[in-house]
Student: 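Take a look at the following structure, please.
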2 protein chains.
Amino acid sequence: MAAPTPVPCCAPIARAPLAETEAAELAGLLKAVADPVRLRLLSMIGSHPGGEACVCDLTDAFDLTAPTISHHLKVLRTAGLIDGERRGTWVYYWIIPETVARLGALFIPLAEPAPAAGPVDVELLPA
Amino acid sequence: MAAPTPVPCCAPIARAPLAETEAAELAGLLKAVADPVRLRLLSMIGSHPGGEACVCDLTDAFDLTAPTISHHLKVLRTAGLIDGERRGTWVYYWIIPETVARLGALFIPLAEPAPAAGPVDVELLPA
DNA sequence: CTATAATTTCGACAGGTGTCGAAGTAAGGA
DNA sequence: TCCTTACTTCGACACCTGTCGAAATTATAG
């Protein structure tokens with residue numbers, strides 16, 4: 001089974017009208033990520049060697065106080081985008097890839113501009 | 001040439017630390033979409049037959065006044081997510097798929113849960 | 001040319017959000 | 001035990017944002 005799917009067009013968000021509750025939930029997730037600092041935090045955590053970063057590694061990269069960084073990390077954590085734990089003196093955070101992928105899945109237009117194998121005949125929209 | 005890429009792991013956002021300017025720009029895009037009403041508007045426009053929708057079609061689906069809907073449409077348009085034009089009495093809007101796809105590209109973890117063909121050994125993160 | 005309908009712009013206001021400094025908590029070291 | 005370091009919580013404040021009603025704009029119909 002390689003392609004039982006009817007190869008639909010467009011991103012999921014453009015395929016069928018979003019329900020009210022679903023929209024509210026997704027908007028919450030998006031709000032968490034719709035901030036330059038949090039976007040960079042997420043990126044720094046995810047790209048850190050080992051897949052996790054200590055808060056001390058993150059704070060120095062910003063012109064912000066520790067409470068502010070802590071606040072942003074809390075927002076990301078509450079949204080389910082990262083998780084973390086204290087290990088001795090330091091607190092480490094890591095990305096929850098499932099949640100990140102959920103965001104991407106909303107907007108991807110079906111297939112990446114990747115070396116897709118298969119009968120991919122992507123047309124984004126008839127314009 | 002089908003795959004000169006070294007098959008990287010993770011979503012782009014988790015691959016390398018986002019630059020400050022890039023983060024600011026992307027956050028702007030995300031802010032535009034981080035609202036339940038705008039998310040639904042985008043979805044309704046994109047899924048409308050013909051790929052475009054009249055404002056009159058959109059307004060009725062919400063418990064909001066026309067000025068408010070107009071405001072949200074303006075936010076989406078300013079962000080480059082939709083465009084529109086007046087045709088006679090009505091104003092029509094349509095999605096700009098490029099911009100939507102750009103959002104998705106940030107978060108997709110490389111390959112979809114699709115029947116990927118190739119030496120794909122996706123592990124999102126070593127947890 | 002006036003009336004009517006569709007949409008946008010404008011001003012105003014309540015509520016949400018990012019930031020800080022000060023204080024609190026937790027762990028390690030002298 | 002007390003001090004220092006790492007991080008979080010708490011209050012406060014400026015600013016941004018979603019919403020509305022009223023008025024302006026654009027186009028069609030009489």
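Within every chain, numbering begins at 1; the chains are lettered A, B, ... in the order of the sequence lines, protein sequences first and strands thereafter. Scope of the values below: all heavy atoms of this structure, side chains included, with no hydrogens, waters or symmetry mates. Here the structure is a predicted model, which is why all the values come from computation and not from measurement.
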Student: Can you measure B:E85 atom CD to C:dA6 atom C1' for me and round it to whole angstrom units?
Tutor: 16 Å
Student: Does D:dC20 have OP1 or OP2 sitting under 4.0 Å from an N or O in the side chain of B:T68?
Tutor: yes
Student: Hey, does B:F107 have a side-chain heavy atom less than 4.5 Å from the side chain of A:V33?
Tutor: yes
Student: What nucleotide among D:dA6, C:dT9, C:dG18 has an atom nearest to a side-chain atom of B:P67?
Tutor: C:dT9
Student: Quick one: is C:dC20 close enough that its OP1 or OP2 comes under 4.0 Å of any side-chain N or O from A:T65?
Tutor: yes
Student: Of the listed nucleotides (C:dA27, C:dG18, D:dT8), which one gets closest to any side-chain atom of A:V91?
Tutor: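 Of the candidates, D:dT8 comes closest.
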Student: Send over the distance from A:W90 CH2 to D:dT4 P, rounded to a whole Å.
Tutor: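 For the pair A:W90 CH2 and D:dT4 P, the rounded distance is 18 Å.
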Student: Between A:R87 (CZ) and D:dC7 (P), how many Å, whole number?
Tutor: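 Taking CZ of A:R87 and P of D:dC7, I get 12 Å after rounding.
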Student: Return the value, rounded to whole Å, for the distance between atom CG of B:L73 and atom P of D:dT19.
Tutor: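 Rounded to whole Å, this separation is 12 Å.
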Student: Find out whether B:I82 and B:W94 are in side-chain contact, i.e. whether some heavy atom of one side chain is under 4.5 Å from a heavy atom of the other.
Tutor: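 No, too far: nothing below the 4.5 Å cut-off.
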Student: Do B:V75 and B:V37 share a hydrophobic cluster, counting only Ile, Leu, Val, Met, Phe, Trp and Tyr and linking them when any side-chain heavy atoms are less than 4.5 Å apart?
Tutor: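 No; B:V37 is not reachable from B:V75 via cluster members.
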Student: When the distance from CZ of B:R86 to P of D:dA27 is rounded to whole Å, what number comes out?
Tutor: 6 Å
Student: So do A:R38 and A:L42 actually touch side chain to side chain, heavy atoms under 4.5 Å?
Tutor: no
Student: Nearest to the A:H71 side chain among D:dT19, C:dA27, C:dG18, which nucleotide is it?
Tutor: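 Of D:dT19, C:dA27, C:dG18, C:dG18 is nearest to the side chain of A:H71.
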Student: Take A:K31 and A:V55, find for each the nucleotide of DNA chain D with the closest heavy atom, and name the residue whose nucleotide sits nearer the 5' end.
Tutor: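 On the 5' side of the pair lies A:V55.
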Student: Any side-chain heavy-atom pair from A:M44 and A:D57 closer than 4.5 angstrom?
Tutor: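 SC-SC contact between A:M44 and A:D57 ruled out.
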Student: So which one's nearest nucleotide on DNA chain C is more toward 5', A:A34 or A:G88?
Tutor: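 The residue closer to the strand's 5' end, by nearest nucleotide, is A:A34.
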Student: Would you classify A:D63 as touching base, sugar-phosphate or nothing, given that sugar-phosphate means primed atoms plus P, OP1 and OP2, and contacts are heavy atoms under 4.0 Å?
Tutor: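 Contact class for A:D63: sugar-phosphate only.
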Student: Answer with base, sugar-phosphate or nothing: what part of the nucleic acid does B:Y93 contact at a heavy-atom distance below 4.0 Å?
Tutor: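 Sugar-phosphate: the residue B:Y93, judged by heavy atoms under 4.0 Å, touches backbone atoms but no base.
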Student: Would you mind classifying the nucleic acid contact of A:Y92 as base, sugar-phosphate or nothing, using non-hydrogen atoms under 4.0 angstrom?
Tutor: nothing
Student: Starting at atom CD1 of B:I69, determine the distance to atom P of D:dG21, rounded to an integer number of angstrom.
Tutor: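 For the pair B:I69 CD1 and D:dG21 P, the rounded distance is 13 Å.
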Student: Check whether any side-chain N or O of A:K74 sits under 4.0 Å from OP1 or OP2 of D:dT8, and answer yes or no.
Tutor: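 Checking A:K74 against D:dT8: no side-chain N or O falls below 4.0 Å of OP1 or OP2.
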Student: I want to check one thing: is the phosphate of C:dG18, taken as OP1 and OP2, less than 4.0 Å away from some side-chain N or O of A:R38?
Tutor: yes
Student: Below the 4.0 Å mark, does D:dT19 have OP1 or OP2 next to a side-chain nitrogen or oxygen of B:H72?
Tutor: yes
Student: Reckon B:L64 touches a base, only the sugar-phosphate, or nothing at all at heavy-atom distances under 4.0 Å?
Tutor: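 If one applies the 4.0 Å heavy-atom cut-off, B:L64 turns out to touch the sugar-phosphate alone, with no base involved.
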